[in-house]
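First up is the structure itself, then whatever we jot down about it.
Scope of the values below: all heavy atoms of this structure, side chains included, with no hydrogens, waters or symmetry mates.
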Amino acid sequence: MGVMRSFSSRSLLSFVSATLFAFASESLVLGQNTSITVSFPKKPSNAALGNVVQDNFLGISFELSSFDTLWGKDALSMPHAMQNYLSNLRQRFKNPLRIRIGGNSMDGSIFVPDQQDMIEFTDPDAYFNDVPVSFGPMFFNVLNSMADDVGEMQFIIGLSMRDPSEDSNPILLANAAEQMMGYRLDAMLLGNEPDIYANHGTRGNYTIADYIPEVGKVIFDLQNSQYGNLTSNLIIGGPTTCCSWDLDNVLSAGLTQYPYKYYTLQHYPTYICNGPTPQNTNISYFLSHTNVPGFTQWENTGVQMAKDLNVPVLVTEFNTVSCGGSNVSDTFAASLWAIDSGLQFAASNMSAAYLHTREYQVLYNLFDPPTPDTSVLPGWRTGSPYYAALFLAETFISDGTVVLDLNLDNSTLNPESTVAAYGLYDPSSTALRRLVLINYNRSQTQSFSISANITSSIGMRVLSAPTVEERVDIRWAGQIVGPNGDLQGNQTTQYMNCGQGCNVLVPGPGAALVLLDETPDSGGFFIGNSTIAGYPYTAPLSSQSTTLHITISAILVFAVMEAVFWLL
């Protein structure tokens, strides 16, 4: 385990941090942009107060076909690194960690109740964006075991809609999921991206008019299955559209007649399915807040319809560039963009958003094992989007948050602006409690001015990297994620008095989480070590697992890797 270093006295660390922060605030002048005054509404509008998000707003979406390479082959060989990656997030908020497993691969796969292995590939010639598998009960065992070890989670899985005329396997899966997961089963999504079934050749000339009655048939069959009513609890989600159908059209066509727990959407700003283009390799797009509202609010009409129906809308899959990512997807620019997009989703009437991750070496992945076959070993690569998840895991208020885009520097409309800012309000008191300040500038520090009499003091944590192109040296609150998913280095928080006003300096590039009326003893930030599983690795006890013989030379290699991360 990479043990997090810290001072023995928390008050000493706070004093040193505050002193250094005050010194930096007064001394850092060169390379700094003109200060921007942080202005914000005294309280959110009534409309904004109607959209309260929970502290677990940001979840993680996994593709089914690669799931066993990330979570392990069985409940006794779950990679320590994955336990740490998930624990780092889970310990930073009070509600269950949101996990979705699905994608095209789940929509084309089958559940086999007597299959011993978690996942078996069924088509060696499958298209890389749609890999069907068979999966067995071990899938649910691993989900439950990970939640037991890491902390409570709530799971969303998919039910295939590719052949509604023969839905016996989705019904079999739904029953197994309810029986084996119980209260941890948050929802089951009917179909994955049915709006591009026709484009994928799955269904010929498939339209909304075809889709609506087929949904009705599957729901009827779930309600009248041999196992009883599998929808007695509100548990169905959909339509999980991405590209060709608008949510308002799907709702108007008849989806509202069915009992849905969530309406679900998936969205990427661009794609690389047909190869690199100037659009999908353009890092500048991901460095402008001006592009974010258009990306997140593409379904405003349908989302408002859902809100009027009191049905939450989830974005069950998003990331930078679909079909595997491009050269920008693993950069620090992607970290900042994912934070901005996540907060904008929260400000746009979404109730949750899930960052997607896939098979080994997909560029937008949140994490990758050393190889698909050695996930139980250390040596994992942490993708830049994971740092966005880590940032957002600390951002939302524990009892609910109302998020507003503050449009500082006219950043929603001005393409020359290099900033973004959000206000996070307590829905009960309607008071501003937190700020998120993003600096997209490639090199210059940005000063944000907080006026007098707004807050007595502030605490601040910073996400930073040397450049927007950086892929490795990314740090949240002074810490970097090591090769075992462990947070390494000193966890740093900066405090300063702000009763007479103060300037918050955000490095370029970088992002800051600012807590108002925060002192070292307030307890607003997560303090401590969220690493739960460490070295050395031992052989899994499962009879299905191959015994691992780790040689002395391998141990030395891992020790060197650990030392390198400590020196960064």
Side-chain angles (χ1 to χ4, degrees), residues 59 61 63-64 98-109 154-165 167 169-171 173-174 177-178 185-200 202-203 206-223 225 229-267 298-299 301-318 345 349-354 356:
S61 167
E63 194 76 25
L64 173 66
R98 296 178 186 266
I99 299 292
R100 173 250 183 179
I101 309 98
N104 289 331
S105 60
M106 184 162 244
D107 206 27
S109 296
Q154 56 188 61
F155 297 101
I156 290 178
I157 65 168
L159 299 178
S160 179
M161 277 279 293
R162 291 193 182 179
D163 186 8
S165 64
D167 58 10
N169 194 260
I171 290 172
L173 171 58
E178 291 193 355
L185 182 62
D186 185 30
M188 298 183 289
L189 308 185
L190 290 184
N192 185 75
E193 300 175 347
D195 51 330
I196 53 176
Y197 278 177
N199 292 349
H200 287 177
T202 305
R203 306 284 299 277
Y206 194 67
T207 67
I208 297 176
D210 300 313
Y211 170 74
I212 296 298
E214 291 184 351
V215 168
K217 177 190 182 302
V218 175
I219 289 179
F220 177 86
D221 292 347
L222 287 166
Q223 292 172 333
S225 79
N229 183 1
L230 298 175
T231 67
S232 56
N233 295 321
L234 199 61
I235 201 163
I236 297 299
T240 321
T241 50
C242 68
C243 313
S244 301
W245 299 347
D246 291 329
L247 178 60
D248 59 310
N249 291 335
V250 179
L251 297 178
S252 298
L255 198 69
T256 59
Q257 68 187 290
Y258 305 123
Y260 270 68
K261 181 177 184 178
Y262 302 124
Y263 293 136
T264 53
L265 303 167
Q266 305 192 162
H267 201 40
W298 87 112
E299 287 276 29
T301 303
V303 171
Q304 186 58 53
M305 289 178 65
K307 191 174 183 64
D308 293 342
L309 294 166
N310 201 32
V311 178
V313 177
L314 311 183
V315 182
T316 48
E317 182 177 318
F318 85 102
F345 279 133
N349 288 318
M350 307 301 185
S351 294
Y354 295 70
H356 193 50

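- Taking 4.5 Å as the limit, every side-chain heavy atom of L314 sits out of range of all side-chain heavy atoms of Y263.
- For the pair S232/E178, no side-chain contact is recorded, criterion being any heavy-atom separation below 4.5 Å from C-beta on.
- The shortest side-chain heavy-atom distance between P259 and L234 falls under the 4.5 Å cut-off.
- For the atom pair CG (L189) and OG (S160), the distance works out to 12.0 Å, reported to the nearest 0.5 Å.
- Within 6.0 Å of CG in N249 there are more than 12 heavy atoms belonging to other residues, nucleotides or ligands.
- Relative orientation of the W298 and F345 rings is perpendicular, given thresholds of 30° and 60° on the angle between their planes.
- Annotation: side chain of Y354 is not in contact with side chain of Q266 (no heavy-atom distance under 4.5 Å).
- Remark: the T264 side chain and the T316 side chain contain no N/O donor-acceptor pair separated by less than 3.5 Å.
- Side-chain contact between I99 and Q154: absent, with no pair of heavy atoms (C-beta onward) separated by less than 4.5 Å.
- Between the side chains of N229 and T231, at least one donor-acceptor pair of N or O atoms lies under 3.5 Å.
- The closest side-chain heavy-atom distance from Q223 to L230 is not below 4.5 Å.
- Looking at T207 and D210, their side chains do bring a donor and an acceptor atom within 3.5 Å of each other.
- Residue pairs satisfying the salt bridge (Lys or Arg N to Asp or Glu O under 4.0 Å) criterion with at least one member in residues 238-262, sequence neighbours excluded, are listed as follows: D186-K261.
- Checked for salt-bridge contact, R203 and E214 meet the test: a charged N lies under 4.0 Å from a carboxylate O.
- Considering only heavy atoms from C-beta on, L190 comes within 4.5 Å of Y260 through its side chain.
- Under 3.5 Å, the side chains of N192 and Y197 contain no donor-acceptor pair of N or O atoms.
- For the pair C242/L265, no side-chain contact is recorded, criterion being any heavy-atom separation below 4.5 Å from C-beta on.
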